[in-house]
Amino acid sequence: MIASDLRSGVDRLGDMIAAARTIVPFTGAGISTECGIPDFRSPGGLWTRNRPIPFDQFVASQEARDESWRRRFAMEPTFAAAEPGRGHRALASLYRAGKAPAVITQNIDNLHQASGFAPDHVIELHGNTTYARCIGCGETYQLDWVKRRFDADGAAPDCTVCAEPVKTATISFGQAMPEDAMQRATELVQQCDLFIAIGSSLVVWPAAGFPMMAKNCGARLAIINREPTEQDDIADLVIHHDIGETLGPFVGN
């Protein structure tokens with residue numbers, strides 16, 4: 001059912017939340033746009049300005065690694081200034097109330113953690129851009145360490161432990177999805193009785209399969225996204241309105 005207006009959609013969503021025992025929120029870039037973080041695919045999004053650098057290119061080319069870090073440092077003021085929006089805070093309210101045991105996210109901005117979710121309860125399918133990791137041994141690095149090395153040498157640094165490249169702790173095109181995160185997400189989806197997809201275009205697989213998986217396991221499905229998705233027709237509720245306005249009434253509930 002596609003909500004005819006925002007109020008009826010919010011009322012219906014409230015009823016679904018009240019009736020649910022276990023809610024699993026699944027978030028995409030749309031939940032963070034009101035926080036000042038641009039999405040990827042929309043006009044003016046990040047990918048309209050810079051083509052993504054695939055993982056194999058990052059590994060093979062020092063030039064690609066340098067460009068990748070230049071882009072990341074250029075975005076640092078945006079990420080550093082971002083604070084959780086109404087959508088993040090509403091989901092954190094469900095988490096604190098014991099309704100949502102965790103959140104599954106395609107986002108890399110750390111805003112769910114900042115909103116009150118314990119880090120272990122934020123299942124990051126695409127990693128996290130607020131720190132770095134060696135692609136060889138997995139050693140973690142703070143971004144300020146990378147920046148100092150980058151500024152001093154004019155090149156992206158390598159790991160001090162194994163000499164492999166250091167990369168933001170995100171998942172790039174062509175890079176394997178994190179197995180542990182996918183397994184945890186799958187288990188949550190299979191156990192919930194309400195799955196809420198928020199701000200995701202639902203086109204990036206395998207994560208885009210979670211809504212159908214939830215439905216097949218007997219859960220109700222709500223989709224909140226400004227634009228239609230290919231999975232709207234299987235949802236019990238679809239709300240095509242601003243995410244902050246839609247979830248704002250649930251902040252503090």
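- A donor-acceptor pair under 3.5 Å is formed between the side chain of D193 and the backbone N or O of T22.
- Residues Q175 and K167 form a side-chain contact, since some pair of their non-hydrogen atoms from C-beta on lies under 4.5 Å apart.
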Can you check side chain to side chain contact (heavy atoms under 4.5 Å, CB included) on I31 and H112, steps first, answer last? CA-CA 10 Å; I31 198 172; H112 286 302; 4.3 Å; yes
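- Heavy-atom neighbours of E83 CD from other residues, nucleotides or ligands within 6.0 Å: at or below the threshold of 12.
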Residue pair V122, N128: steps toward the side chain to side chain contact (heavy atoms under 4.5 Å, CB included) verdict: CA-CA 11 Å; V122 181; N128 190 309; over 6 Å; no
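- W145 is listed as a side-chain neighbour of P157, based on a closest heavy-atom distance under 4.5 Å.
- In the model, D11 has no side-chain atom that pairs as donor or acceptor with a side-chain atom of S8 under 3.5 Å.
- Residues T27 and T105 bring a donor and an acceptor atom of their side chains to less than 3.5 Å of each other.
- Residues L247 and V238 fall into different hydrophobic clusters, defined by Ile, Leu, Val, Met, Phe, Trp and Tyr side chains chained together at heavy-atom separations under 4.5 Å.
- Note: F26 and F210 have perpendicular aromatic rings, judged against thresholds of 30 and 60 degrees for the angle between ring planes.
- Checked by atom type and distance alone, the side chain of W69 pairs as donor or acceptor with a backbone atom of V166 at under 3.5 Å.
- Side-chain atoms of K99 never come within 3.5 Å of backbone atoms of L91 as a donor-acceptor pair (strictly under, hydrogens ignored).
- Tracing side-chain contacts under 4.5 Å through hydrophobic residues (I, L, V, M, F, W, Y), one reaches I243 starting from F117; they form part of the same cluster.
- Side-chain heavy atoms closer than 4.5 Å link hydrophobic residues (I, L, V, M, F, W, Y) into clusters, and following such links, even through other members, never connects L221 to F250.
- One hydrophobic cluster holds both M1 and M16 under the rule that ILVMFWY side chains link at heavy-atom gaps under 4.5 Å.
- Side-chain N or O atoms of E34 include none that pairs as donor or acceptor with a backbone N or O of E245 at under 3.5 Å.
- In this structure, C35 SG and R86 CZ are separated by 9.5 Å, a value rounded to the nearest 0.5 Å.
- A 4.5 Å side-chain heavy-atom check between M75 and T129 finds every atom pair outside the cut-off.
- Criterion: ILVMFWY side-chain heavy atoms under 4.5 Å apart, direct or through other members. Under it, L237 and I234 are not part of a common hydrophobic cluster.
- Note: K147 NZ to R72 CZ = 11.5 Å, rounded to the nearest 0.5 Å.
- In this structure a side-chain-to-backbone donor-acceptor pair under 3.5 Å is present from D232 to T229.
- Here the closest non-hydrogen pair linking F73 and P77 is O-CD, 3.8 Å.
- Remark: D236 CG to L194 CG distance equals 8.5 Å, nearest 0.5 Å.
- Of all the heavy atoms in C159 and Y141, the pair that sits closest is SG-OH, 3.1 Å.
- Here the side chains of V189 and I104 are in contact, with some heavy-atom distance below 4.5 Å.
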Step-by-step side chain to side chain contact (heavy atoms under 4.5 Å, CB included) determination, C217 to Q191: CA-CA 8 Å; C217 291; Q191 296 166 5; over 6 Å; no
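- No donor-acceptor contact under 3.5 angstrom links the side chains of R65 and S68, judged on distance only.
- Atom CG of D180 has 12 or fewer heavy atoms from other residues, nucleotides or ligands within 6.0 Å.
- Between atom CG of residue L94 and atom CD1 of residue I17 there is a gap of 5.0 Å, rounded to the nearest 0.5 Å.
- Interatomic distance, OG of S4 versus CD1 of I239, reported as 10.5 Å (0.5 Å rounding).
- Judged by distance alone, the side chain of H126 and the main-chain N or O of Q106 form a donor-acceptor pair under 3.5 Å.
- Between the side chain of N107 and the backbone N or O of G28, at least one donor-acceptor pair lies under 3.5 Å.
- The shortest heavy-atom contact between G138 and R133 is O-CG, 3.4 Å.
- The local environment of CD in E76 is crowded, with over 12 non-hydrogen atoms from other residues, nucleotides or ligands closer than 6.0 Å.
- Residues I53 and R71 have side chains in contact (heavy-atom distance under 4.5 Å, counting atoms from C-beta outward).
- Between the T33 side chain and the A29 main chain, no donor and acceptor come within less than 3.5 Å of each other.
- No side-chain heavy atom of V204 sits less than 4.5 Å from a side-chain heavy atom of L125.
- Atoms OG1 and CD1, on T168 and I171 in that order, are 9.0 Å from each other to the nearest 0.5 Å.
- Taking all atoms of both residues into account, the shortest heavy-atom contact from I37 to A82 is CD1-CB, 3.8 Å.
- At a threshold of 4.0 Å, the pair R226-D242 counts as salt-bridged, since one of the basic side-chain nitrogens sits closer than that to a carboxylate oxygen.
- Between P211 and I223, the closest side-chain pair of non-hydrogen atoms is not below 4.5 Å.
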Where do L188 and R184 land on the side chain to side chain contact (heavy atoms under 4.5 Å, CB included) test, with the steps shown first? CA-CA 6 Å; L188 280 170; R184 289 183 62 203; 5.5 Å; no
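- Checked for salt-bridge contact, D158 and R149 miss the test: no charged N lies under 4.0 Å from a carboxylate O.
- For M182, the CE atom is densely surrounded, since the number of other residues' heavy atoms within 6.0 Å is greater than 12.
- Closest of all the heavy-atom pairs between T78 and G36 is CG2-O, 3.3 Å.
- F150 has its side chain within reach of R70: a pair of non-hydrogen atoms, C-beta onward, lies under 4.5 Å apart.
- Considering every non-hydrogen atom in both D109 and S32, the closest pair reads OD2-OG, 2.7 Å.
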